[in-house]
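Below you'll find the structure, written out as structure tokens, and then a few comments.
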Amino acid sequence: MKLYIFYFSPTGGTKHVSDIFCSVWDCEKAFVNLGDLDSDISLAGEDACVIAVPSFGGRVPQFLIPKFRHIRGNGAKAFLIAVYGNRAYEDTLAELNDTAESAGLICCGAGAVVARHSILPKYGAGRPDDSDIQELKHFSGQCKDYFHTETNGSGLTTLPGNRPYRPYATLPITPSAGKACTGCGLCAKKCPVNAIPSDNLRKCDKNACISCMQCVSLCPSHVRRVNAAILKAADLKLKKACSERKSNEFFLPRT
Ligand SMILES: Cc1cc2nc3c(=O)[nH]c(=O)nc-3n(C[C@H](O)[C@H](O)[C@H](O)COP(=O)(O)O)c2cc1C
């Protein structure tokens with residue numbers, strides 16, 4: 001069997017969480033950046049996969065949904081991970097579950113795990129910490145046991161979340177660079193939605209940008225950023241919901 005890891009991780013938190021989950025699995029692994037997926041991948045029924053995405057506004061980042069058309073699940077077991085920035089993950093796991101099922105996967109475990117908030121990094125700072133890592137590894141071990149023992153298991157029956165899902169709200173948070181931009185072009189090359197024109201790197205297409213903060217995170221000169229007043233306004237809005245420590249949540253099928 002092979003363990004596929006489908007992930008989208010613009011600022012590294014989701015990838016870190018999926019790496020911790022995978023560290024418990026001693027088997028062949030194939031890492032696939034969902035954001036770059038543009039050709040078909042066929043899983044065998046005896047394979048397993050992890051699908052790890054950040055929660056954006058309590059939903060799956062919408063540009064990822066069509067990417068699932070490239071996955072032929074063929075009844076392979078899937079373990080879902082929604083990584084969130086200490087506010088809430090709302091409908092992310094429900095939507096991820098439905099999307100994975102429509103790709104022919106059987107969802108057999110799901111976790112919502114806290115990591116640093118990629119827009120306001122003071123929230124969820126230091127997460128996942130030692131206790132999160134312990135919980136995540138324990139959950140991963142349970143998923144692995146389920147995978148090896150429940151050969152006819154039908155998967156998860158319920159997950160938190162509403163259907164229809166909450167409206168997907170885009171944020172007016174578009175990073176840009178000032179005069180100090182060196183013009184290396186890394187941000188434009190890596191932007192998952194091609195929102196940065198390669199001939200005008202300091203700008204950003206507001207309609208295309210998904211505010212994922214990847215360009216801010218990978219700018220080698222640290223000059224790409226969000227306007228301070230906009231960040232302050234976002235902080236004021238999120239402060240109440242983000243300040244208290246949130247828990248990880250894990251879901252397994254009834255056996
Ligand atoms: C556009 C956007 C929307 C977000 N929405 C939420 C949210 O609804 N709830 C939450 O707790 N965190 C939210 N976050 C924080 C991310 O889910 C969190 O920081 C995650 O770890 C980012 O993953 P990454 O490090 O792999 O990029 C949001 C981040 C971004 C960029």
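Numbering of ligands and ligand atoms starts at 1, following listing order. When a residue number appears, it is its place in the shown sequence, counting from 1. Quick note: numbers below take in every heavy atom, side chains included, and nothing from hydrogens, waters or symmetry partners.
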Check the surroundings of atom [atom1] in [X]: do more than 12 heavy atoms from other residues, nucleotides or ligands lie under 6.0 Å from it?
| X | atom1 | result |
| --- | --- | --- |
| Arg116 | CZ | no |
| Arg166 | CZ | yes |
| Gln134 | CD | no |

Q | Whether Phe79 and Trp25 hold their rings parallel, tilted or perpendicular, with breakpoints at 30° and 60° | A |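 Phe79 and Trp25: tilted rings.
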Q) Of the non-hydrogen atoms in Val223 and Cys181, which two are nearest, and what is the gap between them? A)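 Val223 and Cys181 have their closest heavy atoms at CG2-CA, 3.7 Å.
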Q. If you group Ile, Leu, Val, Met, Phe, Trp and Tyr by side-chain heavy-atom gaps below 4.5 Å, do Leu80 and Ile41 land in one group?
A. yes
Q.
Residues around ligand 1, heavy atom under 4.0 Å from any ligand atom, sorted by chain and number. Can you pull those?
A. Ser9, Pro10, Thr11, Gly12, Gly13, Thr14, Pro54, Ser55, Phe56, Gly57, Gly58, Val83, Tyr84, Gly85, Asn86, Arg87, Ala88, Ala115, Arg116, His117, Ser118, Ile119, Leu171, Ile210, Ser211, Cys212
